[in-house]
Amino acid sequence: CVAITFSLQTSLSAMPISEEAQQLAALLLALTQPDTQGIRQAEVALKPLLKDPRCVPALIEVLKARSEQSDAVRHIASIVLRKRLPGHYSKFDAATQAQLKSELLTILSSEPERNVRKGVVDLAAAILKVSPEAWPELWSFVAAASQDSHPDARELAFWLLAEMTDTV
């Protein structure tokens, strides 16, 4: 097991992100630009970084950095995480896996951007696929979101249920 820790932040966008997260964010930003050569260079640079399990906490930092990163970069971070997480998840110890799940629920509960929120829903579903053991906090989250008066919260609950029925 890899002992990788996530840094807890009381405010999702209050603290600056780490150097590793900044590096990944810059490469993800290059993927959004209308420059084919720049995209290819970013893909080549990303490949070795994404093979390392330490990319997971750095990508979580990018997801949480609302004030520092564009919605497009954070959305791409969620997609990259969804694709890479199955290969890395089993390498984390139980405490790190629990922290990852907690971080995702925190992001889901406060994410204003619809595309990023949907990406994190897909990421939660990816965790359920590789780790089907109980995640009672997710069920509690879905129950609370489904009863919320805000339509975005109810939509989030629907997305989670839809993904969970495909997964579980």
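Side chains included, hydrogens not; waters and symmetry mates left out as well; all remaining heavy atoms used. Since we're looking at a predicted model, the values are computed, not measured.
Annotation: side chain of Glu68 is in contact with side chain of Ile17 (closest heavy-atom distance under 4.5 Å). Looking at Ile107 and Leu123, their side chains never come closer than 4.5 Å, going by heavy atoms from C-beta outward. For the pair Leu138/Ile127, no side-chain contact is recorded, criterion being any heavy-atom separation below 4.5 Å from C-beta on. Taking the side chain as every heavy atom from C-beta outward, Val80 and Leu24 never approach each other to under 4.5 Å. Put simply, the side chain of Leu29 does not reach to within 4.5 Å of the side chain of Ile76, judged on heavy atoms. With a 4.5 Å cut-off on side-chain heavy atoms, Ser78 and Asp122 do not count as touching. Here the side chains of Lys64 and Arg74 are not in contact, with every heavy-atom distance at 4.5 Å or above. Two residues are said to be in side-chain contact when any heavy atoms from C-beta on lie closer than 4.5 Å; His88 and Arg54 fail this criterion.
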**Report entry** Check against side chain to side chain contact (heavy atoms under 4.5 Å, CB included), Val73 and Leu31
**Finding:** CA-CA 8 Å; Val73 168; Leu31 297 177; over 6 Å; no
Query - Residue pair Leu85, Leu59: steps toward the side chain to side chain contact (heavy atoms under 4.5 Å, CB included) verdict - result: CA-CA 10 Å; Leu85 190 65; Leu59 286 167; over 6 Å; no
Query - Verdict with reasoning, Tyr89 to Val56, per side chain to side chain contact (heavy atoms under 4.5 Å, CB included) - result: CA-CA 9 Å; Tyr89 192 77; Val56 173; over 6 Å; no
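Of the possible donor and acceptor atoms, one in the side chain of Gln97 sits under 3.5 Å from a partner among the backbone N and O of Phe92. Without hydrogens or angle criteria, Ser109 side chain to Thr106 main chain gives a donor-acceptor distance under 3.5 Å. Between the side chain of Asp52 and the main chain of Cys55, no donor-acceptor pair closer than 3.5 Å is present.
Considering all non-hydrogen atoms of both residues, Gly38 and Ala30 come closest at O-CB, 4.3 Å. Here the shortest heavy-atom pairing between Lys91 and Gly87 reads CE-O, 3.4 Å. Looking at every heavy atom in both residues, Gln69 comes nearest to Ala25 through OE1-CB, 3.3 Å. Of all non-hydrogen atoms in Leu63 and Ala77, the two that sit nearest each other are CG-CB, 4.4 Å.
Residue pairs satisfying the side chain to side chain donor-acceptor pair (under 3.5 Å) criterion with at least one member in residues 29-40, sequence neighbours excluded, are absent. Screening residues 142-161 for side chain to side chain donor-acceptor pair (under 3.5 Å) gives Arg114-Glu155 as the qualifying pairs, with residues at least two apart or on separate chains.
Side-chain contact of Glu103 with Gln99: a donor-acceptor pair under 3.5 Å is present, judged by distance alone. No hydrogens or angles considered: a donor-acceptor pair under 3.5 Å links the side chains of Glu61 and Ser18.
Hydrophobic cluster membership differs between Leu156 and Ile79, with clusters built from Ile, Leu, Val, Met, Phe, Trp and Tyr side chains linked at under 4.5 angstrom.
Atom CZ of Phe141 is separated from atom CG of Leu108 by 5.0 Å, given to the nearest 0.5 angstrom.
Using a 4.0 Å cut-off between charged side-chain N and carboxylate O, Arg66 and Glu113 make no salt bridge.
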